[in-house]
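What follows is a short report on a single structure.
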Amino acid sequence: MDDFAELLDRLSLTASRNGKLTLVRDYLRSTPDPDRGWALAALTGELSFTAARPAMIRAAIEARVDPLLFRWSYDFVGDLAETAALIWPANPDRRPNRPPSLAEAIEALSATRRSEAPALIAFWMDSLGPKARWAFLKLMTGALRVGLSARLARTAAAGLRADGSVEASDIEELWQGLEPPYVELFAWLEGRGDRPAADAPGRFRPVMLATPLDATGDLGWITPEAFLAEWKWDGIRVQAVREGGAARLWTRTGDEISAAFPDLMAHLPDEAALDGELVVLRDGAVAPFGDLQQRLNRKAASAALIATHPAGLVAYDLLAQEGEDLRPLPLAIRRDRLERLIAAAGEPRLRLSPAVPFRDADHLAELRLTPDVGAAAEGLMLKRLDAPYVGGRPRGPWFKWKRDPHLIDAVMMYAQRGHGRRSSFHSDFTFGVWTADGALSPVGKAYFGFTDEELARLDRFVRDNTTERFGPVRAVRADREAGLVLEIAFEGLQRSSRHKSGVAMRFPRINRIRWDKPPGEADTLDAVLALLEALERDGGRLDGRR
């Protein structure tokens with residue numbers, strides 16, 4: 001457990017991708033089974049424990065430490081696990097002769113019922129040192145927050161292969177058929193065993209991703225003879241698979257969401273694996289992303305929601321059919337077979353993503369600004385007709401050419417500390433625009449779009465201009481004479497009765513920090529509402545910028 005805690009601690013303090021890869025690879029190489037397998041499961045989000053809740057952790061601490069001191073400490077640190085690990089009183093009498101292993105911690109968490117969770121928390125907190133306590137609580141709550149994606153963890157595992165012949169996509173291909181602690185996987189990676197089987201019915205295939213198109217240079221190489229152009233539909237990327245009696249709907253990260261979309265699952269074609277975009281299809285047209293949001297992040301959907309927000313699939317690609325792996329074939333062949341499959345299915349919930357006819361790159365640039373499908377598209381996809389389907393983001397076969405984001409100038413109103421390595425900085429910012437009566441109305445929240453140096457300067461501004469505190473949240477000075485203007489980029493707007501301003505932004509992020517601009521010159525709510533009305537009139541076809 002101590003070694004796993006050290007790994008998490010160093011990961012949380014390491015910003016470099018290569019640095020994180022080295023840390024995980026070295027840990028997996030030096031740690032014996034089954035601990036390293038359980039660690040890989042934790043790093044890839046494969047572990048979930050339901051017995052304990054954060055409220056139990058707080059209650060256990062407040063039974064041993066002055067509650068006010070704990071709340072002040074939590075407010076300062078900003079992370080429950082870190083606060084609890086540091087403030088928990090030492091109990092040498094409960095410390096075991098040897099440090100418990102990660103496998104023992106996993107076994108204890110898996111076997112504990114909710115009524116037993118408070119005693120479990122107390123026992124393990126007494127048994128561990130501060131750093132290991134922190135790791136145990138992170139493990140128990142499932143919130144590691146060490147800046148490591150599941151794919152990066154699998155990339156590190158692939159690095160165990162001495163000859164370099166294994167990629168992350170090779171492990172992803174096997175992943176759905178594996179179970180922690182992955183003893184057979186490590187045996188294969190270290191040359192001590194055979195490759196695990198990769199034929200689990202309904203399995204997830206590594207997703208092929210596109211590279212953003214750099215449109216500043218010569219684009220003459222984009223020709224209709226070499227590329228297929230499609231709309232970049234504004235939904236979420238999924239794989240829809242029905243094979244061997246198993247039907248699954250996977251997100252691009254390999255999370256299964258089948259149970260939330262039974263209306264789509266009932267109409268998938270047999271013995272096929274489709275790559276496409278999950279959308280709401282209404283009256284034969286793709287609805288805006290806001291409609292799909294009503295169905296996301298739910299374990300199940302009610303009959304009423306299914307009726308008003310029917311799910312559909314806009315199919316991009318055919319990855320497998322009748323047991324044949326089609327991914328090595330050129331896109332032109334896969335596309336032809338996909339067209340025939342969709343036509344034979346005759347199912348309104350399944351739509352082929354239509355090809356966008358174009359003459360040259362200049363013509364594509366015009367189409368990108370005025371899509372004939374309105375807000376349902378956020379740009380264009382360009383795919384080489386001779387390209388196989390390869391997991392990951394290979395540069396060259398696929399490109400995405402998104403429309404420019406919209407921009408407004410808003411005033412920072414509130415700031416909240418972040419998590420992980422940002423726990424000491426105010427990194428989550430609520431911003432607003434001016435109303436007709438001279439007040440600020442919040443219109444969104446952003447927590448990325450700035451460098452580490454800019455984050456440090458933003459944090460200093462928050463600390464120097466705090467007017468009120470609400471736990472981990474600070475109100476900052478924001479009036480027409482003093483305040484900080486943030487240039488906010490966002491993909492779209494929609495009406496929202498849940499927000500006081502009446503609008504909600506799609507993917508807001510900080511585009512630029514306007515240290516030079518007086519807050520009184522920031523945008524108004526009337527201007528934001530005017531943009532929303534213009535988007536609604538134009539069917540979402542307005543390009544971004546101001």
Side-chain angles (χ1 to χ4, degrees), residues 75-76 78 290 404-418 422 424-538 542-546:
D75 176 52
F76 181 80
D404 291 334
H406 301 283
L407 298 176
I408 64 164
D409 286 332
V411 181
M412 182 194 296
M413 299 176 66
Y414 304 99
Q416 182 174 348
R417 281 197 301 274
R422 284 184 169 186
S424 299
F425 295 94
H426 294 85
S427 61
D428 298 11
F429 306 103
T430 299
F431 48 85
V433 292
W434 297 108
T435 63
D437 58 3
L440 282 171
S441 178
V443 290
K445 186 175 183 178
Y447 48 88
F448 66 99
F450 39 79
T451 65
D452 288 346
E453 292 76 13
E454 289 173 327
L455 173 59
R457 191 175 176 188
L458 286 167
D459 182 70
R460 285 197 299 272
F461 175 86
V462 171
R463 296 178 187 275
D464 292 342
N465 293 274
T466 297
T467 58
E468 292 183 86
R469 300 187 187 206
F470 314 94
V473 178
R474 296 192 185 201
V476 298
R477 185 177 178 186
D479 53 47
R480 290 190 174 275
E481 288 70 40
L484 181 59
V485 176
L486 305 173
E487 184 179 77
I488 304 298
F490 56 97
E491 303 299 324
L493 291 171
Q494 62 189 67
R495 298 190 183 276
S496 173
S497 58
R498 295 173 52 243
H499 296 78
K500 184 178 179 181
S501 62
V503 297
M505 288 183 173
R506 175 98 193 277
F507 296 147
R509 66 265 192 196
I510 295 174
N511 191 62
R512 192 165 43 137
I513 305 170
R514 298 299 306 270
W515 301 103
D516 61 312
K517 190 163 188 173
E521 296 180 11
D523 282 306
T524 65
L525 182 58
D526 286 342
V528 174
L529 292 173
L531 173 60
L532 173 60
E533 292 172 359
L535 288 167
E536 291 175 336
R537 287 195 306 270
D538 201 51
L542 287 177
D543 192 35
R545 300 302 175 190
R546 300 184 184 279

Show, in sequence, the C-alpha distance, side-chain angles and deciding distance for W434 and R480, and conclude whether the side-chain contact (heavy atoms from CB on, under 4.5 Å) test is met.
CA-CA 9 Å; W434 297 108; R480 290 190 174 275; 3.7 Å; yes
Of all residues at least two apart in sequence or in a different chain, which pass the side-chain contact (heavy atoms from CB on, under 4.5 Å) check with V476?
M412, V462
Could you state the interatomic distance from CE (M413) to OG1 (T430), rounded to the nearest 0.5 Å?
8.0 Å
Going through the distances and angles, do H426 and R460 end up as a side-chain contact (heavy atoms from CB on, under 4.5 Å)?
CA-CA 9 Å; H426 294 85; R460 285 197 299 272; over 6 Å; no
Nearest non-hydrogen partners of A446 and R509, listed with the distance
CB-CA, 3.9 Å
Considering only NZ, NE, NH1 and NH2 on the basic side and carboxylate oxygens on the acidic side, decide whether E491 and R506 come within less than 4.0 Å.
no
L440 vs T435, test: side-chain contact (heavy atoms from CB on, under 4.5 Å). Steps then yes/no.
CA-CA 6 Å; L440 282 171; T435 63; over 6 Å; no
Does D523 reach the main-chain N or O of A410 with its side chain, forming a donor-acceptor pair under 3.5 Å?
no
Measuring from S501:OG to L529:CG, what's the distance to the nearest 0.5 Å?
7.5 Å
Quick one, M505 with L493, criterion side-chain contact (heavy atoms from CB on, under 4.5 Å). Give me CA distance, side-chain angles, the key distance, then yes/no.
CA-CA 5 Å; M505 288 183 173; L493 291 171; 3.6 Å; yes
Search all heavy atoms of K517 against all heavy atoms of V485 and return the closest pair with its distance.
O-CG2, 3.5 Å
Just verifying a value: how many Å separate L455 CG and F429 CZ, rounded to the nearest 0.5 Å?
6.0 Å
State, yes or no, whether a side-chain contact exists between L486 and I513 at a heavy-atom distance under 4.5 Å.
yes
Tell me which pairs pass ring-ring contact (aromatic ring centres under 6.0 Å, His included) where either residue lies in residues 502-528, with sequence neighbours left out.
none
Tell me, do I510 and F431 make a side-chain contact under 4.5 Å, heavy atoms counted?
no
Any side-chain heavy-atom pair from L532 and R495 closer than 4.5 angstrom?
yes
Please check: side-chain N/O of D428 versus main-chain N/O of G418, any donor-acceptor pairing under 3.5 Å?
no
Any donor-acceptor pair under 3.5 Å linking the side chain of E454 with the backbone of T451?
yes
Shortest non-hydrogen contact between A522 and D409, atoms and distance
CB-O, 3.5 Å
Hydrogens and angles aside, do D526 and T524 bring a side-chain donor and acceptor to less than 3.5 Å of each other?
no
Sequence neighbours excluded - ring-ring contact (aromatic ring centres under 6.0 Å, His included) pairs with any residue from residues 452-506
H406-F490
dist T466:OG1 -> R477:CZ (nearest 0.5 Å) comes out at 13.0 Å
How many angstroms lie between CZ in F425 and CZ in R463, if you round to the nearest 0.5 Å?
8.0 Å
Can you tell me if T467 uses its side chain to pair, donor with acceptor, with the backbone of A475 under 3.5 Å?
yes
Can you find a heavy atom in the side chain of Q416 that is under 4.5 Å from one in the side chain of K445?
yes
